[in-house]
Trainee: 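The structure is given below, and queries will be raised subsequently.
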Amino acid sequence: MRATIRAGLLVLACACPAGVHAGDCLAEASLPPTAQQGALVMGSAAPGTVYEYLGHTSVVGDDGVIVFGLARDAPERVELALRCADGTRGALALDVARREYQIERIEGLPEKTVNPPPEIAERIAREQAEVSKARTRDDARSDFRMRFAWPVRARVSGVYGSQRVLNGTPKDPHLGLDLAAPEGTPVHAPAAGVVTLAQTDYYLTGGTVILDHGHGVSSAFIHLSAVSVRPGQLLAQGDVLGAVGKTGRATGPHLHWGLNWFETRLDPELLLK
Ligand SMILES: [Zn+2]
């Protein structure tokens with residue numbers, strides 16, 4: 001196998017039919033030079049190019065867009081595996097900028113564990129499986145390319161990546177954006193998409209809507225007091241999908257907006273900047 005390196009691009013092999021130049025599709029493929037942890041990353045490549053990241057294999061559509069997401073703690077350099085239509089394989093590398101997340105240490109809390117009874121644990125698992133299933137969809141739509149808008153114009157009360165450490169025990173990081181608005185405030189689609197899940201009464205997340213923006217990119221809106229859409233419905237940017245609430249496990253009325261690339265949780269706030 002012959003390997004050549006061109007500006008972050010590694011060409012590994014070519015089994016080229018006559019007339020096809022080795023790595024033409026690789027030479028066309030590009031990513032931004034750097035992206036932050038938690039970011040939705042967009043690059044470009046020739047239609048038909050296959051790319052793989054974190055075990056997800058996707059095919060570049062006619063729009064020529066590569067899209068994937070970086071986790072909260074993504075390593076400082078990640079690589080996409082590429083395969084051209086002519087069989088040439090290569091890789092694209094991306095430097096990942098580290099972020100400092102808010103860490104809140106709380107000591108001296110009375111020790112108590114919240115272990116839901118078995119029937120509740122079962123219900124939670126069932127609901128989480130439904131959410132996971134809604135996020136496996138890989139549509140050719142690329143609604144995520146439009147500029148995202150705020151679903152609710154409100155004060156940010158919780159940011160992506162923040163983490164509480166209670167009595168020395170780190171809790172799960174907060175992987176979304178909290179917007180504090182009064183109960184009943186309309187929630188608008190931040191970008192176009194198709195509704196893939198609409199539930200009014202999940203145990204942890206209460207009123208829950210998932211909006212699919214294409215190619216595995218989806219938004220989740222939780223703790224809603226009202227859900228006004230149904231699965232399969234196409235929404236334009238700005239359409240109302242429900243109302244702010246405090247359903248499920250929430251201490252006060254707010255919208256929790258989550259952004260995913262398949263199961264990887266991203267920071268929606270980065271799309272608003
Ligand atoms: Zn939240």
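Below, all heavy atoms of this structure are taken into account, side chains as well, without hydrogens, waters or symmetry copies. Worth saying up front: this structure is predicted, and the values here are computed from it rather than measured. Just so you know, ligand 1 is whichever comes first in the structure, and atom 1 is the first atom listed for that ligand.
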Trainee: Taking 2.8 Å as the cut-off, does His174 contribute an N, O or S atom near the Zn ion (ligand 1), distance below it?
Mentor: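 It does; at least one qualifying atom falls short of 2.8 Å.
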Trainee: What is the name of the N/O/S atom of Asp178 that is nearest to the Zn ion (ligand 1)?
Mentor: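 Answer by atom name: OD1.
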Trainee: Extract all donor-acceptor atom pairs below 3.5 Å that involve side chains of residues 58-71 and protein atoms in other chains or at least two apart in sequence.
Mentor:
unit_1	atom_1	unit_2	atom_2	d
Asp63	OD1	Val65	N	3.2
Asp63	OD2	Ser142	OG	2.8

Trainee: Testing Leu211, Thr208, Val227 one by one against Phe221 for a side chain to side chain contact (heavy atoms under 4.5 Å, CB included), which residue passes?
Mentor: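 Of Leu211, Thr208, Val227, side chain to side chain contact (heavy atoms under 4.5 Å, CB included) with Phe221 is met by Leu211 alone.
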Trainee: In this structure, are over 12 heavy atoms from other groups packed under 6.0 Å from Gln102 atom CD?
Mentor: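 Not more than 12 within 6.0 Å, no.
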Trainee: For the Zn ion (ligand 1), which N, O or S atom of His256 is at the shortest distance?
Mentor: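 In His256, the N, O or S atom with the shortest distance to the Zn ion (ligand 1) is ND1.
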Trainee: Considering the options Leu270, Asp143, Leu272, which one meets the side chain to side chain contact (heavy atoms under 4.5 Å, CB included) requirement together with Phe148?
Mentor: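 With Phe148 as partner, side chain to side chain contact (heavy atoms under 4.5 Å, CB included) holds for just one option, Leu272.
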